[in-house]
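Before any comments, here is the structure.
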Amino acid sequence: MSDQTLAMMKRIPAAELGGPGSPEAASCSAAAIAMLGEAAGEGFRMTSLSLDVASHAIGEGMVEVATKVDKRARSVVFASLEARMGAALVFSAQGLFSLDR
């Protein structure tokens, strides 16, 4: 397994995640699955997802999402992300992907 780290940054309007109120788990989950899948790459399917969503209101504006590949091997990829609005955490996620055979 390699310690290869690939970081990607994206910005999402808070309204797409449930803002200006508390973030919605379903919206955060959909965003996490899409971004982690993009980081894992084609040919890999998600086998596990861990998601933590904040309970505080996130307001209006843009949420910055940092996605990275934590470990990559021939048949598995571990990827994670953090979504923040300023210093406040909106949601975080970790995904495990395996080669789609």
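Worth saying up front: this structure is predicted, and the values here are computed from it rather than measured.
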Non-hydrogen side-chain atoms of H56 and S22 separated by less than 4.5 Å: no

May I ask you to say whether K68 pairs ionically with E82, meaning some side-chain N is under 4.0 Å from a carboxylate O? no

Where A32 and L81 come nearest, the two heavy atoms and their spacing: CA-CD2, 3.9 Å

Are F91 and L89 linked, directly or through intermediate hydrophobic residues, by side-chain heavy-atom contacts shorter than 4.5 Å (ILVMFWY only)? no

Contact between S80 and T67 at the side-chain level, heavy atoms closer than 4.5 Å - yes or no? no

Distance check, rounded to the nearest 0.5 Å: E24 atom CD versus E16 atom CD? 11.5 Å

State plainly whether one hydrophobic cluster holds both I58 and M62, where clusters connect Ile, Leu, Val, Met, Phe, Trp and Tyr through side-chain heavy atoms under 4.5 angstrom apart. no

Rounded distance [0.5 Å steps], CG in L99 versus OG1 in T47: 11.5 Å

Ignoring hydrogens, what is the shortest heavy-atom contact between Q94 and S92? Give both atom names and the distance. NE2-OG, 4.1 Å

To the nearest 0.5 Å, what is the distance between SG (C28) and CG (L17)? 5.0 Å

D100 and F44: side-chain contact (heavy atoms from CB on, under 4.5 Å), yes or no, with the steps? CA-CA 5 Å; D100 192 15; F44 286 88; over 6 Å; no

Side-chain contact, heavy-atom cut-off 4.5 Å: V65 with I12? yes

F78 pairs by side chain to side chain contact (heavy atoms under 4.5 Å, CB included) with which of V69, L96, L36? L96

Kindly give the heavy-atom pair with the smallest separation between K10 and E38, and that separation in Å. NZ-OE1, 2.8 Å

Heavy-atom distance under 4.5 Å between the side chains of M9 and E64, does that happen here? yes

Tell me whether R72 contacts the main-chain N or O of A40 through its side chain, where contact means a donor paired with an acceptor under 3.5 Å. yes

Mind running side-chain contact (heavy atoms from CB on, under 4.5 Å) on V77 and K71 for me, showing each step along the way? CA-CA 6 Å; V77 175; K71 299 275 185 183; over 6 Å; no

